[in-house]
Number of protein chains: 2
Amino acid sequence: MDHFRRSVQHLARLPGVGEKTAQRFAYWLLQQPPEVARGLAEAVLSLRESVHECPRCCDLTEQDLCRRCADPRRDERLLCVVERPQDVSAIDAAGEFKGRFHVLHGAISPLSGVSPQQLRIESLFLRLEGVEEVILACDPDVEGDATALYLAKKLKALGLRASRLAHGISVGTEIEFADRVSLARALANRREL
Amino acid sequence: MDHFRRSVQHLARLPGVGEKTAQRFAYWLLQQPPEVARGLAEAVLSLRESVHECPRCCDLTEQDLCRRCADPRRDERLLCVVERPQDVSAIDAAGEFKGRFHVLHGAISPLSGVSPQQLRIESLFLRLEGVEEVILACDPDVEGDATALYLAKKLKALGLRASRLAHGISVGTEIEFADRVSLARALANRREL
């Protein structure tokens, strides 16, 4: 069954999907009416063809300009820089931030061979007019920290304020069960009462 | 992002895949070169177009007759009935069985509305010439038991021997950690030494 094996190989490329799960997907597709496989194939194709990066903020969009860049009510003075398009939705869903976004599509990582030139950093520095503060909402890991530091240095040189998201224990987490790194950050960033 | 949401919906239909995982698949596809999405779409389409049921054993195949049915060395007197195409591969891989297979594509389940007429039972009874024993390798659950009993009754009426796979504790399982159902079956099916 060459087509079957090829399908399994393609499905097994999906993130977090192994050979066994890919086989399960393939058998399931064969059990469904033909429209299901056709629908999936067309959706996957149209996804790649219709979705592109917003020319301004580099978030993914199907319009010329993404809906957040097209929204005139957002505060132009605040810019939130994130690593991934998913982060934009997450921060927006929190409802606290009403400024603009910029998606880097990754973080600086010499180990994985990701240099600043491969990220959307050039386009970030082309849109700083009117911006007063840049919130560097990179991930709290080595790559995210390196990226935030790199950007903060350059932004400060231009006279802009740069900030990072506060790290600490999650709301609702009992101290007993908080992970060590978050607890260390929570202690280091403690606030006077 | 209509296309994006539609893709996520289609991907979330895959078994065991929720909204979050489907989103992860979609974002991943967008990060890959366009060939990845195209390859996946084509593989999914060709899967449904090239794979069909073997007219004899109802296993899935891309040939006119599946390779096991086309193999003249297999014992025609022994027929192993399974619920799913996956079961054929699993039993074949065990290396113990050299007879023929028949795939029911399901099990009788009044609760899920699966009647004997929806399974490949008619084609099973059309190929019993020369068969001496039918091994009913249905799953050890309510539906599998019901299906095996239903088939055993009909097979015995035709003068054929019907058997089921032995159930018991897995080889290598310590009794302490065996599940209760397997342990109960192992006791009920104990063999004199």
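Per chain, numbering begins at 1; letters A, B, ... match sequence-line order. In this text the structure is predicted, and so the values were computed from the model without any measurement.
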K.L.:
Using a 4.5 angstrom heavy-atom cutoff, name the option from B/Ala41, B/Ala43, B/Pro15 with the most pairs to chain A.
P.N.:
B/Pro15

K.L.:
In terms of heavy-atom pairs under 4.5 Å, which option from B/Ala37, B/Cys66, B/Gly106 contacts chain A the most?
P.N.:
B/Ala37

K.L.:
Looking at A/Gly16 and B/Arg24, what are the two nearest heavy atoms and their distance?
P.N.:
N-NH2, 4.0 Å

K.L.:
Tell me whether B/Leu136 is reachable from B/Leu158 by hopping between hydrophobic residues (I, L, V, M, F, W, Y) whose side-chain heavy atoms are closer than 4.5 Å.
P.N.:
yes

K.L.:
Count I, L, V, M, F, W, Y as connected when their side-chain heavy atoms are under 4.5 Å apart, and connections chain through other members. Are B/Leu124 and B/Phe97 then in the same cluster?
P.N.:
no

K.L.:
Is there a side-chain contact (heavy atoms from CB on, under 4.5 Å) between A/Arg84 and B/Tyr27 once you walk through the steps?
P.N.:
CA-CA 9 Å; A/Arg84 287 169 302 265; B/Tyr27 279 123; over 6 Å; no

K.L.:
Apply the test side-chain contact (heavy atoms from CB on, under 4.5 Å) to residues B/Phe25 and A/Val17: give CA-CA distance (whole Å), side-chain angles for both, the deciding distance (0.1 Å), then the verdict.
P.N.:
CA-CA 10 Å; B/Phe25 289 171; A/Val17 173; 3.4 Å; yes

K.L.:
Find the distance between CG (A/Leu11) and CG (B/Leu14) and round it off to the nearest 0.5 Å.
P.N.:
7.0 Å

K.L.:
Does any heavy atom of chain A fall under 4.5 Å from the side chain of B/Glu49, the backbone, both, or neither of them?
P.N.:
neither

K.L.:
What part of B/Val8 gets closer than 4.5 Å to chain A, counting heavy atoms only: side chain, backbone, both or neither?
P.N.:
neither

K.L.:
Where is the tightest heavy-atom contact between A/Arg6 and B/Ser46, given as atom of each residue plus distance?
P.N.:
NH2-OG, 3.4 Å

K.L.:
Take atom CG in B/Asp64; do more than 12 heavy atoms of anything else shown fall under 6.0 Å from it?
P.N.:
no

K.L.:
Consider only side-chain heavy atoms of I, L, V, M, F, W and Y, link residues closer than 4.5 Å, and tell whether B/Leu128 and B/Leu119 are in one cluster.
P.N.:
yes

K.L.:
Do you know which two heavy atoms are closest between B/Arg13 and A/Val36, and how far apart they sit?
P.N.:
NH1-CG2, 3.5 Å

K.L.:
Can you tell me how far the CZ atom of A/Arg48 sits from the CD atom of B/Glu35, to the nearest 0.5 Å?
P.N.:
8.5 Å

K.L.:
Nearest 0.5 Å, what's the OG-CD distance between B/Ser89 and A/Gln23?
P.N.:
7.0 Å

K.L.:
Using every non-hydrogen atom in the two residues, find where B/Glu62 and A/His3 come nearest and quote the distance to one decimal.
P.N.:
OE2-N, 2.8 Å

K.L.:
Output the distance between atom CG (B/Leu60) and atom CD (A/Gln31), rounded to the nearest 0.5 Å.
P.N.:
8.5 Å

K.L.:
Is it true that A/Leu30 and B/Val44 fall in one hydrophobic cluster, defined by side-chain heavy atoms closer than 4.5 Å?
P.N.:
yes

K.L.:
Flag the one option from A/Glu42, A/His105, A/His10, A/Arg38 with the top tally of heavy-atom pairs under 4.5 Å to chain B.
P.N.:
A/His10

K.L.:
Let me know if A/Gln32 has heavy atoms under 4.5 Å from chain B in its side chain, its backbone, both or neither.
P.N.:
backbone

K.L.:
Between A/Ile121 and A/Ile135, is there a shared hydrophobic cluster once you connect ILVMFWY residues whose side-chain heavy atoms come closer than 4.5 Å?
P.N.:
no

K.L.:
With B/Leu29, which of A/Leu47, A/Leu45, A/Val51 fulfils side-chain contact (heavy atoms from CB on, under 4.5 Å)?
P.N.:
A/Leu47

